[in-house]
Amino acid sequence: MAVVVSAPGKVLMTGGYLILERPNPGLVLSTSARFYAIVKPLLEEIKPDSCFWAWTDVKVTSPQLNRESMYKLSLKNLTLQSVSRQSGNPFVEQAVQYSVAAAYAIADKDRKEVLQKLLLQGLDITILGSNDFYSYRNQIEALGLPLLPESLAALPPFASITFNSEESSGENSKPEVAKTGLGSSAAMTSSVVAALLHYLGAVDLAHVKCSSDLDEVHIIAQTAHCIAQGKVGSGFDVSSAVYGSHRYVRFSPEVISSAQVAIKGAPLTEVVLEILKGKWDHERTKLSLPPLLNLLLGEPGTGGSSTPSMVGAVKKWQKSDPEKSQDTWTKLSEANFALETQLNALCKLAEEHWDEYKELINSCSSLKPEKWMEQATKQSHEVIAKALLGARDAMLGIRYHMRLMGEAAGIPIEPRSQTQLLDSTMNMEGVLFAGVPGAGGFDAVFAVTLGDSSNHVIKSWSLQNVLAMLVREDPRGVSLEAADPRTIDIASSISSVHI
C-alpha cells in the first residue's frame, strides 16, 4: 500500500528579484535532484474500537537526519500535535495538515468514510532527499578525494548529513545542513503533498493527462510552503517542483490570504476549499533547455548567502532610489526576455533543422565562442550560430545589470570571486553561458554547455577549487514512482511514471 512520489529541485536561470513582482517572468529549470516521500499505513488493521477515536498517529522519518517525529492528528479539526521531544519540520507539518484537509474538503460522503478508515490506520511518512541538495564537500576534502563529480558519485545514495561536532553527543543535536541552493524545502513539501493526496485518493498521479490533479497538488503545496516559511514568496520553486521546467509568472499573494487567517483558528477544510476555488493567476509556459545543451552546476565552497536579507536590501534600494532602480529593473527585464527569445529560437531551429543543428552544436562544442560563426558553412548554420551568440550576449547583459543592482543595494549578487570564475568559464570551449542562479551570492554557479564539452569545464572548475555537482536538468515535475528509491538504482531506473 506504500505510495512513493518524487519532486525535483530547481535552478532559476533568469528572473532573480524581478520574479517577485508580477508580471515579470522567470525561467526555472527542474533538476535530476529529487525529494522522495513514501507514505504507507502505520497499522495493518484498524482496531475494533478505533471508530470512537478522535486522534490518529502520524510518524515522520528522515533517515538522513537520523530523525523520527511522532504526532497526533485530530480527526475533528485535522491539526497536528507533536508528541516527540525533538523539534519537528514545519514544512512537513503544514504539508500533512493541508493535504489531509484538502482530501476531506473535496470528498463526497462515501469517500469521507474511506478516508476516515485510511486515517485511522495512521500515516507513516518517510522523506529522502538526493545527495545533490546537500553539500558533502567537507567530507570529500577530509577524505583527500579530488573535487570531481566522481567523488560525489562514490557516496552512498541518501547519505547521512554531518552533525555539528560540538553538539553531536547531545540529544538535541541539530544536523549541520549545508545546502546547495536547489530548493530543498519546496521539493520536500511538494513531494509530501503529492504523495499524501494520491494516497488519500484526492488525486490520481498514475493516470494524469489533464492538469487538474497537478493544479491541486500545486495549490496545496504552495499554501503549505508559504505558511511554513511565514511569508508568501514568489512560488517558482514549488511550481517547478510540481510541473517541471517552465517559464513562470508568480500568483497574486492575496490568493493565500485565507490560509493566513486560518492560523488564527478558522476551520481548515473551509480554508482549503476557499483556496482551491481562489483565483490562481500564476502563468506557466513550457520551456526547457534546447536539445544538446546541458546544465552544469558548481559549488565554489565560499559559504552560503541569505536570500531573504538580499531581497530586503534590494527592496530598500528600490524605495531609496526609485528612478535608478526602475531603469536597472527595465534593462534587466529586457535582457531576460532576450535570453528567453534566443532559447526558444534554438528549440525551434532544432525541431526544423535537426541535422544542421546537431552538426553545428557538435562543431562548436570543442571551440571558443569567437570561432563559432566560422563553422556556419550553410545558411541554416548561420541562423543557429547567431542564436547561440545572441543567448551569450543576453546572459552577459543579465550579469551586468545584476552586478549593478548588487552594487547599488550593497549586496554581493555576483561577488567578485564569482565574476572571475564566470568570466573564465564563459571563455572556455563549448560554453554557451554561465551565471549565478536565483538571487545570486556565494551558493552556486551554473553553466550551460554545448554537446560533450562539460568534461573540460568540470576539470577546469576543480583546478579553481569548484566542485561540479552531479545534478543535471530533468524537465519532469512530480512523479509517481514504482518503488522505494533505496531499493533501486535511481540513475538507471526508468520505471517511474513521468508526469
Side-chain angles (χ1 to χ4, degrees), residues 1-10 30-45 58-69 89 91-92 95-96 99-100 103 114 118-119 121-134 152-161 182-184 186-209 213-214 216-217 221 240-244 470-499:
M1 286 185 68
V3 166
V4 185
V5 172
S6 69
K10 53 71 187 173
S30 55
T31 70
S32 54
R34 302 183 80 83
F35 254 91
Y36 296 79
I38 305 164
V39 180
K40 60 184 180 181
L42 262 177
L43 305 172
E44 290 186 12
E45 296 179 358
V58 176
K59 182 173 80 169
V60 178
T61 308
S62 300
Q64 289 162 287
L65 303 180
N66 194 29
R67 290 294 174 95
E68 180 179 295
S69 300
N89 184 316
F91 293 97
V92 176
V96 172
S99 298
V100 174
V114 175
L118 266 179
L119 289 174
Q121 287 182 267
L123 295 171
D124 185 345
I125 304 168
T126 300
I127 301 164
L128 301 161
S130 297
N131 289 348
D132 303 284
F133 284 102
Y134 307 108
L152 286 173
L155 296 171
F158 313 111
S160 177
I161 295 167
L182 292 177
S184 56
M188 178 177 62
T189 302
S190 300
S191 67
V192 172
V193 167
L196 280 169
L197 289 177
H198 183 87
Y199 177 79
L200 298 173
V203 301
D204 182 0
L205 299 181
H207 305 100
V208 116
K209 295 298 178 189
D213 279 354
L214 284 183
E216 185 177 328
V217 172
S240 62
V242 175
Y243 297 113
L470 294 167
V471 66
R472 296 290 184 267
E473 186 199 9
D474 179 350
R476 297 180 300 146
V478 292
S479 294
L480 182 65
E481 304 289 339
D484 186 325
R486 292 168 294 185
T487 66
I488 56 177
D489 178 2
I490 296 171
S492 62
S493 171
I494 56 171
S495 59
S496 61
V497 179
H498 299 165
I499 298 171

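Please read these numbers as outputs of a predicted model, since none were measured by experiment.
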Checking I127 against N89 for the side-chain contact (heavy atoms from CB on, under 4.5 Å) test, could you report, in this order, the C-alpha distance in whole Å, the side-chain angles of both residues, the deciding distance, and whether it holds? CA-CA 11 Å; I127 301 164; N89 184 316; over 6 Å; no

At their closest point, which heavy atom of [X] faces which heavy atom of [Y], and how far apart are they?
{"X": "H198", "Y": "L205", "value": "ND1-N, 3.0 Å"}
{"X": "F158", "Y": "P485", "value": "CZ-CB, 3.7 Å"}
{"X": "A33", "Y": "V471", "value": "N-CG2, 3.8 Å"}
{"X": "P8", "Y": "A241", "value": "CD-O, 3.0 Å"}
{"X": "A483", "Y": "V4", "value": "O-CG1, 3.7 Å"}
{"X": "S190", "Y": "V478", "value": "O-CG1, 4.5 Å"}

May I ask you to decide if [Y]'s main-chain N or O and [X]'s side chain share a donor-acceptor pair within less than 3.5 Å?
{"X": "S130", "Y": "D132", "value": "no"}
{"X": "D213", "Y": "D204", "value": "yes"}
{"X": "T189", "Y": "A221", "value": "no"}
{"X": "R34", "Y": "G477", "value": "yes"}
{"X": "E68", "Y": "T61", "value": "no"}
{"X": "S191", "Y": "S6", "value": "no"}

Would you sort out whether T31 and D474 count as a side-chain contact (heavy atoms from CB on, under 4.5 Å), showing the intermediate values? CA-CA 5 Å; T31 70; D474 179 350; 5.8 Å; no

Do the side chains of V5 and Y199 get nearer than 4.5 Å, heavy atoms only? no

Within the 4.5 Å heavy-atom criterion, are R486 and T126 side-chain neighbours or not? yes

Which label fits F35 and F133: parallel for a plane angle under 30°, tilted from 30 to 60°, or perpendicular past 60°? tilted

Candidates V3, I125, L128 - the one meeting side chain to side chain contact (heavy atoms under 4.5 Å, CB included) with I38: L128

Passes side-chain contact (heavy atoms from CB on, under 4.5 Å), L119 versus L200? Steps please. CA-CA 8 Å; L119 289 174; L200 298 173; 4.1 Å; yes

What's the verdict on side-chain contact (heavy atoms from CB on, under 4.5 Å) for Q64 and N131, showing C-alpha distance, side-chain angles and the deciding distance? CA-CA 10 Å; Q64 289 162 287; N131 289 348; 4.2 Å; yes

Could you measure the distance from the CD atom of E473 to the OG atom of S32? Nearest 0.5 Å is fine. 9.5 Å

Spatial distance of atom NZ (K59) from atom NZ (K40) [nearest 0.5 Å]: 7.5 Å

